[in-house]
Number of protein chains: 2
Amino acid sequence: MKKTIAVLQGDGVGKEVTAGAVNVLKVIADRFDHEFHFEYGLIGGEAIDQQGVPLPDETITLCKNSDAILLGAVGGEKWNSIPRHLRPEQGLLKIRKELDVYANLRPVTVQGALADSSPLKREYVEGVDCMIVRELTGGLYFGRPSERVERDGEEAVVDTLFYKRSEIERILRSAFEMAQKRNGRVTSVDKANVLESSRLWREVAEEVAKDYEDVKLEHMLVDAAAMQLIRNPKHFDVLVTENLFGDILSDEASMLAGSLGMLPSASLSSDGASIYEPVHGSAPDIAGQNKANPIAAILSAAMLLRHSFDLHQEADKIEDAVESVLAQGYRTSDIADGEESVSTDKMVEVIIEAIQAPVAN
Amino acid sequence: MKKTIAVLQGDGVGKEVTAGAVNVLKVIADRFDHEFHFEYGLIGGEAIDQQGVPLPDETITLCKNSDAILLGAVGGEKWNSIPRHLRPEQGLLKIRKELDVYANLRPVTVQGALADSSPLKREYVEGVDCMIVRELTGGLYFGRPSERVERDGEEAVVDTLFYKRSEIERILRSAFEMAQKRNGRVTSVDKANVLESSRLWREVAEEVAKDYEDVKLEHMLVDAAAMQLIRNPKHFDVLVTENLFGDILSDEASMLAGSLGMLPSASLSSDGASIYEPVHGSAPDIAGQNKANPIAAILSAAMLLRHSFDLHQEADKIEDAVESVLAQGYRTSDIADGEESVSTDKMVEVIIEAIQAPVAN
Ligand SMILES: [Mg+2]
Ligand SMILES: [Mg+2]
């Protein structure tokens, strides 16, 4: 397979962890006989420093001409004082918009070897393997009006939760398709006992479900889901929900894993290249120290192979390698829990060794 | 002090646990020389059975003529088949509306003796003592329009998040006043990086804070708060937020305690009697078996004394008694974790004994 991957390393630890992920992808290409071309583009603070804007046009063109995008992280104290619309984070928002990414995928898996670093007890989190699918283009964060008004002679304010049926259908179909490749269960989260938008959401979910007879659909209220993620996180296979609920629940769920340094994400584009990036930020405090955990970026690369290129065997290979080095006891400092830790480079190295190792019988 | 307390026992275990709470209040009245009159009213399924509606007018009148309301729980399978607007739960919604309750208080405390029954590790939850203050009359659950519309030739839907400045100010003042009596810290939760309503919320919070110089205000985004409740729940003293965010976060936080059977709540009225009730429901599966945990109802009675009557010493007495019987090892079955458990009546009895015990030197 021949593919072009845009690499936007961004700022801070974004550079280090993305470099590790690219090296892993090169090893995969080699081993499975693919040709991956890596094209580098500027985004975030570095783009501001070099070109005055957080997302130069040539980066947009690059992304639109690529098959998938591997992103690091953007931002840092250095750029905190510049006007809001020119900040590094705007680069992220803009590239998401340019590519019309409508679905945010946040897998939460808890590796047995790391189950003890969760705030939750091992028996609650060991074996958790859940995919949160969040709608990303609609809902309360984008609806209009969103403005100050006057009411009864005083200041008031309004925000609007708006969805078109087609937007709801699109994200639900993504969730059902994902469930087909996983454990065949979709939990659709809403607030249908109160919100009209949730009642439409639930209707559409029931309709879409008819096209996926091998998938089991259940509905859950958002407050119940917030409880269930703690009481019994193993309950979930694919959890799909609208933008705001997904924002809250995916961040809540991320805590199950103990460290953000383990969590990858994908943002699926409706018609172009999708974006893959770690959940963690640019962590300027440890940038350039060869200390960052590259696993989230490496697992993002695995998601890229799986969701953009349908290379499941290759994705499995990376995920298995990560699991095996953790089982062997390798830890970066964020997950070391006081024990000895290894550098970013060393972690990448042992993961690559695990990928290259002959398969055991 | 001479007070009238309306008692709406409701359905299922509501009856048993409320009876226990009333007995505790009688003992408190006796010991501290108060006169509490208990007037009983119908609500929920029982009201439907006896009078055909979930909230008879005489119950409304009773509540409006009382100084505070002690509520059990409503609902049960028996009434699930009747039309929605006549269901037991409508009785709850209606009484809240009649009394214009605008603030829902959900304290989350984790007793040392019970810290091991949380899904979280003991070191994360032991000593948690947080008060969640949720706005209850506005926001996305009540804004208009909330309806189907047509857009771009297809079905679409809109819900509206609406707040008047005065509604925001009222709930924030409640939170600051509460913090003054607690540990002097308010965490105001919003989504000010995206929502205009949150930006007004944050402005009002800053203004209100000027009137409470002894209280420290911090702002936190709702997704960050969903994480922080797991990563470091001891961070919080008073957490105040709008209706929807509060719905999700208070339910998430309730999981820290291990069992809903421990959690009381209050719904403060703007001008009449406030309502005190356990967070748990009517639990028809164990109703009438003398098995239900009465502690949530008893702690609700303590909240009633504290927030409606300003009887802090009396409230402390109840809370200390609960803590002491738990430390002695008394457990109802929901918190027994496989160990021996006691009945509802026995739990009430030992709590009353603890209240009546001479104070140790
Ligand atoms: Mg978030
Ligand atoms: Mg709720």
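Convention: sequence-line order gives letters A, B, ...; per-chain numbering from 1.
In this structure, the side chains of Glu252(B) and Met227(A) stay at 4.5 Å or more apart for every pair of heavy atoms.
The parts of Glu155(A) that come within reach of chain B are both its backbone and its side chain, each placing non-hydrogen atoms under 4.5 angstrom from that chain. Contacts between Arg199(B) and chain A at a heavy-atom distance below 4.5 Å involve backbone atoms as well as side-chain atoms. Both the backbone and the side chain of Tyr141(B) come within less than 4.5 Å of a heavy atom in chain A. For Tyr124(A), the part sitting under 4.5 Å from any heavy atom of chain B is the side chain, from C-beta outward, and nothing else. Residue Phe142(B): no heavy atom, backbone or side chain, is found under 4.5 Å from chain A. Interface residue Ser118(B): only backbone heavy atoms are found under 4.5 Å from chain A. Neither the backbone nor the side chain of Asn243(A) comes within contact range of chain B; no heavy atom of the residue lies under 4.5 Å from a heavy atom of that chain. Of the two parts of Val149(B), only the side chain, counted from C-beta on, holds a non-hydrogen atom closer than 4.5 Å to a non-hydrogen atom of chain A. For a residue to count as touching a neighbouring chain, one of its non-hydrogen atoms must lie under 4.5 Å from one of that chain's; by this rule Ser254(B) touches chain A with the side chain only. No part of Glu169(A) comes within reach of chain B, as not one of its non-hydrogen atoms sits under 4.5 angstrom from that chain.
Per-residue counts of heavy-atom pairs under 4.5 Å with chain A were compared for Gly143(B), Ala226(B), Pro145(B), Ala224(B); the largest is that of Ala226(B). Annotation: maximal heavy-atom pairing with chain A below 4.5 Å, among Lys191(B), Gln228(B), Glu167(B), occurs at Lys191(B). Across Leu140(A), Asp247(A), Thr160(A), Leu229(A), the residue that shares the most heavy-atom pairs under 4.5 angstrom with chain B is Asp247(A).
Summarising the geometry of Ile248(B) relative to Asp223(A), their closest heavy-atom pair is CA-CB, 4.4 Å, with the distance given to 0.1 Å.
How far CG of Leu120(A) is from CG of Leu120(B): 4.0 Å, rounded to the nearest 0.5 Å. Taking CZ from Arg165(B) and CG from Asp152(A), the interatomic distance works out to 14.5 Å, rounded to the nearest 0.5 Å.
Taking a 6.0 Å sphere around CD of Glu77(A), one finds it holds 12 or fewer heavy atoms contributed by other residues, nucleotides or ligands. For Glu339(B), the CD atom counts as loosely surrounded, since its 6.0 Å shell holds 12 or fewer non-hydrogen atoms of other residues, nucleotides or ligands. Dense packing is recorded around CD of Glu207(A), with more than 12 heavy atoms of other residues, nucleotides or ligands lying under 6.0 Å away. Within a 6.0 Å radius of NZ in Lys97(B), no more than 12 heavy atoms belonging to other residues, nucleotides or ligands are found.
Comment: Arg148(B) engages Glu196(A) in a salt bridge, judged by a side-chain N to carboxylate O separation of less than 4.0 angstrom.
Each of Asn232(A), Ile230(A), Leu256(A) was scored for a side-chain contact (heavy atoms from CB on, under 4.5 Å) with Pro119(B), with one residue passing: Ile230(A). With Asp159(B) as the partner, the side-chain contact (heavy atoms from CB on, under 4.5 Å) test is satisfied by one option alone out of Leu200(A), Asp159(A), Val194(A), Leu195(A): Leu195(A).
Figure legend: cation-pi geometry between Arg151(B) and Phe162(A), with NZ or CZ positioned under 6.0 Å from the six-membered ring centre and within 45° of its axis.
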Stepwise, does the side-chain contact (heavy atoms from CB on, under 4.5 Å) test hold for Arg84(A) with Asn193(B)?
-> CA-CA 11 Å; Arg84(A) 194 176 193 145; Asn193(B) 54 344; 4.2 Å; yes
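The backbone N or O of Val157(A) sits nowhere less than 3.5 Å from a side-chain atom of Lys164(B) that would complete a donor-acceptor pair.
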